[in-house]
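Here the structure comes first, spelled out in structure tokens, and everything after it is commentary.
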Amino acid sequence: MRYICNTEEQVLNLYDELADAPVFAYDIEYLTEKNQFLGIGIATEENSYYVPFQHDTKLKQLEPSFFFNVMFCIFSDSTTIKAIHGGMVFEIGLLQKYGVDVVNYFDTMIAHWLVDENTKQGLKELMLIEYGKVRSKFKALPKDYPVKITAEYCMQDAENTLQLYHNLRPRLEAEKVDKWFYNVEMPLIKILLDMSKYGFPVDLKWLTEGVSKEIQTKIIAAKSSIFKVAGQLFNLEANKQMAEFLFDKLKLPATKVTEKTGSRSVNEEALKAIESKHKVVSDVLEYRGLQKLQSTYVEGILNAVKDDERIHAELVQQGTRTGRFSCRNINMQNIPQKGELGKKIRQTFVAEKGYALLKADQSQFELRIMAHKSEDQTLVNAYKNNLDLHKQTASKLFNKTEELVTKDERYIGKTGNFALQYGMGKHTWCNYLNNEGIAVEREVSDSWWNVWWANFPGVKAYHDKILKQLSIDEFVYTFSPRKRRFPQFKYYASQASTNKDMYFRVLQMWREAVNASIQGFVGNWMRLSMLEFVAKLPEELKDKCFMIMQVHDELVFHCREEVVDIAKPYINKCMVQPYGLKLKVPLEVEIQQLKRWGGDE
């Protein structure tokens, strides 16, 4: 049965029912834009309830503080399981504002992601996938959020979450990821929540009076150069007008057409192909790059900064298929770091007075994981003996001793090491090099490709091992027992000999599998490092050293200056050997002490 619970007596009766329940599910209805806590829906095995708090209605409602004062013991009871769905921000975080520290929670979104990372993890999608159910009555709530309709909607979500809990608990055990779920993913929820609540300090003056003005000045200069060549003003954002200017007026060759309309393409790839034909193409590319910096990053940061002058981004555990985090409410992983302006945007993120930023980066992490997994002797020997792998690779590519390798040649060796380990084909490799500013003909890039693979036979053997596992199991292990599944691989492979599209799909899945086996390992190793940092934080670092962001292969900390020397070795230990784990090659963590994330001035 479903009930609206809006009196003190009903809340006390609900308390008694929940006190006897081994498990219940709950769902929050909250309007972020209005900071309005509408209510909470709760589902037990027998009944469902909705407790209204802050609807715009004359119907009797309860104060959230009263409800949670009564229910404090229920939500903090370690013997009762609380099922939630994607509940970091509201189901866990919002309740903390009312003094409730929820324990023994079971997030069905993360649980389903562990057993099936290929599907969308929204509650509506999962109910359709698992049970063929759709939310027939409620596609969306009315804008005025009437109590009765909101109550039905919220109670249904709580009921669905409870149903998913019963579905997923045995599946976690069957997939042997139950221990990982309970010991890693569930504790991480509060760690990521604390990181988001703490935030990353921002220097607004630096951004608005320095970086933004510099970008705007360069935008004006780039537009002026383009219009001077054009001899007239036109809309630089209109692709049709841009195509007419470049291909009709300047007679530059159109190298690509769009898939949907067949019109002449003026995207970045098409323009880079003709960049050497006319200087104005470089001006157009520069203009677009500057516009992106301004609109995506400068304005994005300004829109995301809160009153405390910090960015409170959220890392999402189930945001990728491999096990890496994604990031929302400004994607910190995409904050640029290349180029003068990119570096300056990154420098917007700062340490506050009396603090330092500690930027801890796993050096060549993906290559070290490849060495560990493939046991390629060239890789293993380089890392065990602390050799310069990139210079070593360049010496092979250019057939010269390492002493004679130039800085530019070493960069090509480095590019090869990071790109080719994942199985990049010859054509893509040539394009990749040219896009990286390394002008090279196909014949030369092909020879480098051949030499690289000849120099790393263990990596080739590892790729073949992945292909064999895909052919049998349709999955690869990322970080045992974690898997990345490719459920249609056998079917595609069976059609590949007679169907070109299927053949290329097999190649693509094979490369994705190799990539996932490394990226997933990296992502999960980083999870363990973060867990250990919090779980074993020394007393002298408590309330003085805060983990505030995880980006790519690095962790960022906001640390009181007086404890930096204590924090550095502790951070290094957590990242090199989390919980005592070791690789077959040594890891190396580079820890920089900074005032600005992009490097000090």
Side-chain angles (χ1 to χ4, degrees), residues 2-6 10-11 14-15 18 21 23-44 47-57 61-72 74-77 80-111 121-124 126-127 135 138 140-165 186 189-190 192-193 196-197 312 314 316-318 328-329:
R2 290 178 175 175
Y3 305 94
I4 291 179
C5 178
N6 64 342
Q10 288 171 330
V11 169
L14 175 57
Y15 177 93
L18 294 180
V23 58
F24 68 88
Y26 69 100
D27 180 66
I28 298 291
E29 293 300 331
Y30 186 85
L31 301 182
T32 305
E33 65 276 11
K34 294 183 179 180
N35 196 27
Q36 188 175 350
F37 193 170
L38 295 178
I40 182 172
I42 296 175
T44 67
N47 301 303
S48 299
Y49 302 88
Y50 181 73
V51 186
F53 295 141
Q54 297 172 351
H55 287 268
D56 297 325
T57 179
Q61 300 183 92
L62 298 171
E63 286 294 325
S65 55
F66 164 78
F67 178 81
F68 290 114
N69 281 339
V70 172
M71 294 294 176
F72 177 86
I74 297 295
F75 284 94
S76 58
D77 180 4
T80 304
I81 299 168
K82 299 92 185 170
I84 57 177
H85 191 80
M88 181 182 87
V89 176
F90 295 117
E91 280 73 17
I92 303 296
L94 182 60
L95 268 60
Q96 288 181 352
K97 295 181 180 179
Y98 292 92
V100 177
D101 185 24
V102 183
V103 299
N104 198 12
Y105 46 85
F106 185 107
D107 194 315
T108 52
M109 179 180 284
I110 295 172
Q121 305 301 332
L123 187 58
K124 180 175 67 176
L126 292 190
M127 291 306 293
R135 189 183 277 133
F138 315 110
L141 282 170
K143 294 296 182 183
D144 56 346
Y145 299 95
V147 172
K148 290 185 178 180
I149 294 178
T150 305
E152 290 292 314
Y153 183 96
C154 190
M155 286 188 283
Q156 186 180 86
D157 279 357
E159 292 162 1
N160 290 345
T161 300
L162 187 60
Q163 193 172 1
L164 280 174
Y165 161 77
M186 290 302 94
I189 289 177
K190 287 186 178 177
L192 300 183
L193 180 61
S196 178
K197 285 164 63 178
H312 296 272
E314 298 165 13
V316 182
Q317 287 163 265
Q318 72 285 354
R328 65 190 177 200
N329 293 337

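Values below: every heavy atom of this structure, side chains too, minus hydrogens, waters and symmetry copies.
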Checklist outcome for this item: dist Asp27:CG -> Leu162:CG (nearest 0.5 Å) comes out at 12.5 Å
Item to check | Counterpart residues, side-chain contact (heavy atoms from CB on, under 4.5 Å), relative to Asp77 (two or more places apart) | outcome: Thr79, Thr80, Lys82
Checklist entry - What is the minimum heavy-atom distance between Gly86 and Met109, and which atoms define it? => result N-CB, 3.5 Å
Checklist entry - Can you find a heavy atom in the side chain of Leu18 that is under 4.5 Å from one in the side chain of Phe75? => result no
Checklist entry - Are any of the side-chain heavy atoms of Pro52 and Ile4 separated by less than 4.5 Å? => result yes
Item to check | Taking every non-hydrogen atom, the tightest pair across Cys154 and Gly41 | outcome: SG-N, 3.3 Å
Next on the checklist: Over 60° means perpendicular and under 30° means parallel, so tell me whether Phe90 and Tyr30 are parallel, tilted or perpendicular.
Outcome noted: tilted
Next on the checklist: Whether the side chain of His85 engages the backbone of Ile110 through a donor-acceptor N/O pair (distance < 3.5 Å, no angle test) should be reported.
Outcome noted: no
Item to check | Shortest non-hydrogen contact from Phe106 toward Ile81 | outcome: CB-CG2, 4.0 Å
Checklist entry - Which is it for Val316 and Met88 under the side-chain contact (heavy atoms from CB on, under 4.5 Å) test, yes or no, and what are the steps along the way? => result CA-CA 9 Å; Val316 182; Met88 181 182 87; over 6 Å; no
Item to check | Interatomic distance, Ile42 atom CD1 to Ile28 atom CD1 [nearest 0.5 angstrom] | outcome: 8.0 Å
Checklist entry - So, the side chain of Tyr26 versus the backbone of Glu91: is there a donor-acceptor pair under 3.5 Å, distance only? => result yes
Checklist outcome for this item: Residues Ile189 and Gln317: closest non-hydrogen pair is CG1-OE1, 3.2 Å
Checklist entry - Taking atom CD1 of Ile84 and atom CG of Leu123, what is their separation to the nearest 0.5 Å? => result 12.0 Å
Item to check | Any side-chain heavy-atom pair of Asn160 and Thr108 under 4.5 Å | outcome: no
Checklist entry - If you measure only the distance, is there a donor-acceptor pair under 3.5 Å linking the side chains of Glu159 and Ser48? => result yes
Checklist entry - Quick one: are Tyr145 and Leu31 in side-chain contact, heavy atoms under 4.5 Å? => result yes
Checklist entry - Would you find a donor on one side and an acceptor on the other, under 3.5 Å apart, between the side chain of His312 and the backbone of Ser196? => result yes
Item to check | Contact check, side chains of Leu94 and Val89, non-hydrogen atoms, under 4.5 Å | outcome: no
Checklist outcome for this item: Sorted by chain and residue number, the ring-ring contact (aromatic ring centres under 6.0 Å, His included) partners of Phe67 (sequence neighbours excluded) come out as Phe53
Next on the checklist: Quick one, Leu14 with Tyr3, criterion side-chain contact (heavy atoms from CB on, under 4.5 Å). Give me CA distance, side-chain angles, the key distance, then yes/no.
Outcome noted: CA-CA 10 Å; Leu14 175 57; Tyr3 305 94; over 6 Å; no
Checklist entry - For atom NZ of Lys197, is the number of surrounding heavy atoms from other residues, nucleotides or ligands below 6.0 Å larger than 12? => result yes
Next on the checklist: Just verifying a value: how many Å separate Asn104 CG and Ser76 OG, rounded to the nearest 0.5 Å?
Outcome noted: 11.5 Å
Next on the checklist: Assess the residue pair Asp107 and Gln318 against the criterion (side-chain contact (heavy atoms from CB on, under 4.5 Å)); give the C-alpha distance rounded to whole Å, side-chain angles, the decisive distance to 0.1 Å, and a yes or no.
Outcome noted: CA-CA 11 Å; Asp107 194 315; Gln318 72 285 354; over 6 Å; no
Item to check | No-hydrogen, no-angle side-chain donor-acceptor test under 3.5 Å, Gln61 and Asn6 | outcome: no
Item to check | From Met127 atom CE to Leu164 atom CG, the distance as rounded to the nearest 0.5 Å | outcome: 5.5 Å
Item to check | Partners passing side-chain contact (heavy atoms from CB on, under 4.5 Å) against Glu63 (at least two apart in sequence or in another chain) | outcome: Ser65, Phe66
Checklist outcome for this item: On a heavy-atom basis, the closest approach of His55 and Tyr50 is NE2-OH, 2.8 Å
Checklist entry - Going by heavy atoms in the side chains, are Lys124 and Asp157 under 4.5 Å from each other? => result no
Checklist entry - Taking only residues two or more places apart in sequence or in another chain, which ones pass ring-ring contact (aromatic ring centres under 6.0 Å, His included) with Tyr98? => result Phe37, Phe68
Next on the checklist: My understanding is that only residues two or more places apart in sequence, or in another chain, count here; which of them pass salt bridge (Lys or Arg N to Asp or Glu O under 4.0 Å) with Asp101?
Outcome noted: Lys190
Checklist entry - Atom CE in Met155, atom CZ in Arg2: separation rounded to 0.5 Å? => result 6.0 Å
Checklist entry - How would you list, by chain and number, every residue that makes a side-chain contact (heavy atoms from CB on, under 4.5 Å) with Asp144, sequence neighbours excluded? => result Pro142, Pro146
Item to check | Exercise: identify the closest heavy-atom pair between Pro64 and Gln54 | outcome: CG-NE2, 4.0 Å
Checklist entry - Judged by atom type as modelled, is there a donor-acceptor pair below 3.5 Å linking the side chain of Tyr105 to the main-chain atoms of Met186? => result yes
